[in-house]
There are 2 protein chains.
Amino acid sequence: MPMKKKRMTGRERKAQIVKAASLLFSKKGFKGTSTREIAKAAGISEATIFKHFSRKDELYSAIIDTCCNDDEGRYHLMKSIEGKEGREFFKGVAAYFIERFDEDPGFARLLMFGALEGRRFTDIFMKSRGMDTVDLLAGHIKGLMRAGVFKRRDPELSARAFLGMVLHYCTAQEIYGFKRFFDRPPRKVAATFVDIFFNGMEKETGP
Amino acid sequence: MPMKKKRMTGRERKAQIVKAASLLFSKKGFKGTSTREIAKAAGISEATIFKHFSRKDELYSAIIDTCCNDDEGRYHLMKSIEGKEGREFFKGVAAYFIERFDEDPGFARLLMFGALEGRRFTDIFMKSRGMDTVDLLAGHIKGLMRAGVFKRRDPELSARAFLGMVLHYCTAQEIYGFKRFFDRPPRKVAATFVDIFFNGMEKETGP
DNA sequence: AATATGTAAGTGAGTACTTACTTACCTTGG
DNA sequence: CCAAGGTAAGTAAGTACTCACTTACATATT
């Protein structure tokens, strides 16, 4: 392994430290992670961390910025629903979250830790991205109500019902460890949830 | 305030320490709480804690025991659904969780912290109480399927769909702070979720 | 082209303080 | 009296953070 050594530009080093920190924070929380560990993970001295970030807390702020200005997630969500209508739209949303959780539970852990430890991180993220997602679903739901497909109901609350099914399932599987004793194929999960939700929202098609 | 002073029996003191500890752990997590704080909260010296519990970790174990051997929660759930059928049964379940979360988010926080910090607590609790609840709902769902009211679907997964709606809503409201910018009357929430779920599970009553 | 200069990147060895946990010693009630 | 309840005063190993200093490199001057 050639392992070319150090001397990065400030920006590179900062990014690298944030990356190492967010990985550790997601695993062990802010309080549970020492600056020493972060330094070791980044392969630098502790002092270097404090050259770039004047307090440990600033690492958290930097993570917020990175995540909130990172549109990759939003982009993927948009990709996985674009052009889709009706049941397919909801399947797209469900599939997106199930996939994301599975490939990177770290981010969800970071959010949870943030919420529990009372940092602003989760607050800011939830208020912007969380509500955005609710509104996105609610918008679609309103459309289906206007089209006479769905019964009229509180659209935001309905959106949260659907998101709740999906997100709680993912959280329980990955973070509470349910997957060790409860497992179903992801496609089946998505299909079942969409089915329950869509049928539940539809107008009765009685005689 | 009369504030009768000290000298409790070992058992009393242990219980008191566990109580203080679990309150603090639920607020700041295991790593985020120092034994000094626990001692202060309990109004005793740090050394006394270690007289009764040989390591900090044992406090966690004691909390597990207390919670798992405490049937109060289960009892209240049973109370709030007893004799109920159909929609009323699900309303009872939803109401139970919404109420519980509202009056004591601390316990949920303890579970979440436990899961994130990788302690056995959450594991044990989820495997027993969590799956019990899924099974309870699934049992009811199976009954409704046999009766021809519900479409045939994976009963456990359906149970998790319903629990997901309710629990994610509660978690988001209380722990992620959604309630500061999203609020609905609890009865409406329960009614809406039950309606979506029940209609979604029902057999089409077509001609 | 070779050299001096200014500065950002990086560090080893601290600091002051907190952590979980101990020791040696009182105090009380049965 | 004496065992159990309780504590003040430790300790070794962390903790976040600082200091005085070295290194690497881009640029300007010779």
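Just so you know, these numbers come straight off a predicted model, no measurement behind them. In what follows, chains carry the letters A, B, and so on, assigned in the order in which the sequence lines appear, proteins first and then strands, with residues in each chain numbered from 1.
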Would you mind reading off the distance between [X] atom [atom1] and [N] atom [atom2], rounded to a whole angstrom?
X	N	atom1	atom2	result
B:Tyr60	C:dA20	OH	P	14 Å
B:Glu12	D:dA4	CD	C1'	14 Å
A:Met8	C:dT7	CE	P	25 Å
A:Phe53	D:dT18	CZ	P	15 Å
A:Arg36	C:dT19	CZ	P	16 Å

Identify, residue by residue, the members of residues 38-52 of chain B with a heavy atom below 4.0 Å from DNA chain C, and return them in order of residue number, or none. B:Glu46, B:Ala47, B:Phe50

Side chains of A:Ile141 and A:Phe162 in contact at under 4.5 Å (non-hydrogen atoms): no

More than 12 heavy atoms of other residues, nucleotides or ligands under 6.0 Å from OH of B:Tyr75: is that the case? no

A:Lys84, NZ atom: more than 12 neighbouring heavy atoms under 6.0 Å: yes

Looking at A:Lys31 and B:Glu117, is there a salt bridge between them, counting it only when a charged N and a carboxylate O are closer than 4.0 Å? no

Tell me whether the side-chain N/O atoms of [X] come closer than 4.0 Å to OP1 or OP2 in [N].
X	N	value
B:Arg13	D:dG6	yes
B:Arg55	C:dT22	yes
A:Ser34	D:dT15	yes

Ring-plane angle category for B:Tyr169 and B:Phe182, please: parallel below 30°, perpendicular beyond 60°, tilted otherwise. perpendicular

So A:Phe25 and A:Tyr60, would you call those rings parallel, tilted or perpendicular, with 30° and 60° as cut-offs? parallel

Taking for each residue the nucleotide of DNA chain D bearing the nearest heavy atom, is the 5' side occupied by B:Arg11 or by B:Lys31? B:Arg11

